[in-house]
2 protein chains.
Amino acid sequence: MRDPEATLRQHDLPVTAQRLAVLRAVSQHPHATADDLAESVRSEIGAISRQSVYNVLNVLTDKGIIRRIQPAHSPALYEDRVGDNHHHLVCRSCGKTEDVCCAVGEAPCLHAHDHRGFRIDEAEVIYWGTCPGCQQKTRS
Amino acid sequence: MRDPEATLRQHDLPVTAQRLAVLRAVSQHPHATADDLAESVRSEIGAISRQSVYNVLNVLTDKGIIRRIQPAHSPALYEDRVGDNHHHLVCRSCGKTEDVCCAVGEAPCLHAHDHRGFRIDEAEVIYWGTCPGCQQKTRS
DNA sequence: CATTATTTTTGACAAAGTCCAAATCTGGGT
DNA sequence: ACCCAGATTTGGACTTTGTCAAAAATAATG
């Protein structure tokens, strides 16, 4: 994230210490949970309420400044990278999450165009598997 | 579901009234939540504890007899149709969920083969959009 | 039928978020 | 600089979805 303050202003959001800190935290810790981010923010600006973390994350998500992903069995994760149609790879055993470029090309997934009268606006893809670390542990 | 009782026996699961009823309920109400299913079962056999609904759903899911899907902002949904690699279409505004045949062909999605050392075993795809009914409401 | 392991039930508990009202702060006008 | 209105932050209670654990009930086997 180049300039968190400018980003907020561009979206007509009043600039607050909490928002700046959360935005920086998301930028520095991709795929972190709200709780992780709260901790991170606290170490940066001293304190923030749980509710504010959620408030900020919700506003930023609504404005499209950050993206929320919600894999099964996991609290929501947040990331900085928006608008590039990438997907995610999640380890079933440890939850480790990585970005994956869209397997099929550009916004390919939306090809299930308007199925059954639905107006489709996003195809969310999660690849489930086992990460290298957990493969080793399991192998024994 | 042809014969719930036979299905249970095939998987070495003791046959109980609760299991039969839950299995029938899942079969009759695709994409229902645990709560919906509990209601449905109660209307069929009179009573069932919340925990038993979860117990049964978990066992059946583990055995691969039913499938659990967990869209964001929604409790888990269960369905009968397993092993045919279909995906889901979810309405952002009312939550209506429909099955979609895999857009790209047979188990196509797994083509992000073993990315970054992960051993991938499933590609989960959810198409997000607006269902016909909600499009009309919004249009006004 | 009697036994034993498995299920079901009940009630407490946990995690992740949301709701609400009060206190505080931001941004814009003077 | 200062004030004001509206937006944000806070703290605490609450909701939802689901799990844990122990006791009571039940299914399958001999």
Side-chain angles (χ1 to χ4, degrees), chain A residues 4-26 31-42 44-63 65-66 68-78 95 97, chain B residues 4-26 31-42 44-63 65-66 68-78 95 97:
Chain A
E5 185 163 341
T7 303
L8 291 176
R9 291 195 197 287
Q10 281 160 26
H11 290 268
D12 289 316
L13 292 173
V15 176
T16 67
Q18 290 85 345
R19 284 178 176 162
L20 289 174
V22 169
L23 204 34
R24 272 196 295 265
V26 171
H31 311 138
T33 64
D35 244 36
D36 296 337
L37 294 168
E39 276 314 305
S40 173
V41 166
R42 287 192 187 108
E44 197 190 344
I45 65 169
I48 191 172
S49 69
R50 196 165 57 107
Q51 184 61 58
S52 291
V53 174
Y54 282 110
N55 286 161
V56 173
L57 290 173
N58 286 339
V59 170
L60 298 179
T61 302
D62 288 349
K63 293 281 185 175
I65 300 171
I66 63 177
R68 174 193 287 130
I69 58 183
Q70 291 176 261
H73 310 115
S74 162
L77 308 178
Y78 295 87
T97 300
Chain B
E5 185 163 340
T7 304
L8 291 175
R9 291 194 196 288
Q10 280 160 26
H11 290 268
D12 289 315
L13 291 172
V15 176
T16 66
Q18 291 85 345
R19 284 180 177 161
L20 289 174
V22 169
L23 204 35
R24 272 195 293 266
V26 171
H31 311 140
T33 64
D35 244 36
D36 296 337
L37 294 169
E39 276 315 305
S40 173
V41 167
R42 288 193 186 108
E44 195 189 346
I45 65 169
I48 190 173
S49 69
R50 198 165 58 108
Q51 184 63 58
S52 291
V53 175
Y54 282 110
N55 286 160
V56 174
L57 291 173
N58 287 339
V59 169
L60 298 179
T61 302
D62 289 349
K63 293 280 186 179
I65 300 172
I66 63 177
R68 173 193 286 130
I69 58 183
Q70 291 175 264
H73 308 116
S74 162
L77 309 178
Y78 295 86
T97 301

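Since the model is a prediction, treat every value here as computed from it, not as a measurement.
- Nearest-nucleotide positions on DNA chain C place B:V53 closer to the 5' end than the other of B:H73 and B:V53.
- Taking only side-chain atoms of A:Q51, from C-beta outward, the nucleotide of C:dT8, C:dC19, D:dT9 with the closest atom is C:dC19.
- OP1 or OP2 of D:dT10 sits under 4.0 Å from a side-chain N or O of A:S49.
- Distance A:I45 CD1 to C:dC25 P: 13 Å, rounded to the nearest Å.
- Here the C1' atom of nucleotide D:dT8 and the CG atom of A:L60 are 13 Å apart, to the nearest Å.
- Between the P atom of C:dA15 and the CG atom of A:D35 lies a distance of 10 Å, rounded to the nearest Å.
- In the interface, the side chain of A:R50 is not paired with the base of D:dG11 through any donor and acceptor atom under 3.5 Å apart.
- End-to-end axis angle of the helix from C:dC1-D:dG30 to C:dT30-D:dA1, from C1' rotation axes over five pairs per end: 30° (rounded to 10 degrees).
- Rounded to an integer number of Å, the gap from CG of A:L8 to P of D:dA7 is 16 Å.
- For the segment residues 10-26 of chain B, the set of residues with a heavy atom within less than 4.0 Å of an atom of DNA chain D comprises B:P14, B:V15, in numerical order.
- For the OP1/OP2 pair of D:dT19 and a distance below 4.0 Å, the side-chain nitrogens and oxygens of B:N58 include at least one atom meeting the criterion.
- A donor-acceptor contact closer than 3.5 angstrom links the side chains of B:D36 and B:T33.
- Rounded to an integer number of Å, the gap from B:Y54 OH to C:dA12 P is 18 Å.
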